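Just follow the structure's listing: the first ligand is 1, and inside any ligand the first atom is 1. Quantities reported herein were computed from a predicted structural model and do not represent experimental measurements.
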Amino acid sequence: MKSQTRKRIDNLLGSAKLRRTGPRVAILGVLLGARRPQTAEQIAVNLAPAAPDKVTIYRTLESLVAAGLVHKAFLQERTWHFELARNCTESQCHPHFTCTNCGDMQCLTEMSLPMAKSPHKGFVIGRQRVQLEGLCPKCNPNL
Ligand SMILES: [Zn+2]
Ligand SMILES: [Zn+2]
């Protein structure tokens with residue numbers, strides 16, 4: 001791991017007042033280097049052969065989510081995909097685009113959507129998470 005990455009991880013953990021543990025550092029390292037949200041399985045593959053066991057990976061992810069450092073980006077095939085919360089605001093995660101033809105997924109970090117208004121009295125919207133579907137440039141026949 002590069003010293004620059006280590007420094008960023010230390011800053012993240014420090015800002016969330018989380019203790020620096022091996023699994024936290026390793027998982028944040030994977031997410032920092034990832035270009036798209038990762039499942040616990042993908043993180044394990046990435047850290048092999050030194051990967052912590054599955055239970056530890058799940059628990060560590062949950063602690064990072066609880067601290068607000070990591071977000072559950074979306075659920076696909078009943079599996080959560082995790083990513084760093086760095087491209088999100090307090091109330092809104094950036095949208096994710098899934099190609100219905102090839103299944104490719106992209107983080108639309110440059111895109112921000114107006115926040116939905118509460119539908120009825122009594123509802124409070126705490127977080128907006130948008131998933132978009134369609135054709136990616138590779139699969140778009142009109143390109
Ligand atoms: Zn596609
Ligand atoms: Zn994303």
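Of all protein N, O or S atoms, those under 2.8 Å from the Zn ion (ligand 1) number 4. With waters neither drawn nor counted, the protein N/O/S atoms under 2.8 Å from the Zn ion (ligand 2) amount to 5.
Smallest separation of non-hydrogen atoms from Cys136 and Phe97: N-CE2, 3.9 Å. For Pro37 against Ala73, the heavy-atom pair with the smallest separation is CG-CB, 3.6 Å. Scanning both residues, Met111 and Pro95, for their nearest heavy atoms gives O-CD, 3.4 Å.
Without hydrogens or angle criteria, Arg24 side chain to Ser63 main chain gives no donor-acceptor distance under 3.5 Å. At distances below 3.5 Å, at least one donor-acceptor pair connects side-chain atoms of Gln92 with backbone N or O atoms of Leu113. With hydrogens and angles disregarded, a donor-acceptor distance shorter than 3.5 Å links the side chain of Gln38 to the backbone of Arg36.
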Fill in: Full working for side chain to side chain donor-acceptor pair (under 3.5 Å) between His96 and Gln76
CA-CA 12 Å; His96 289 97; Gln76 200 172 50; over 6 Å; no
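For the atom pair NZ (Lys72) and CG (Leu64), the distance works out to 12.0 Å, reported to the nearest 0.5 Å.
The side chain to side chain contact (heavy atoms under 4.5 Å, CB included) with Ile27 is formed by just one residue from the set Ile9, Leu69, Thr60; it is Thr60.
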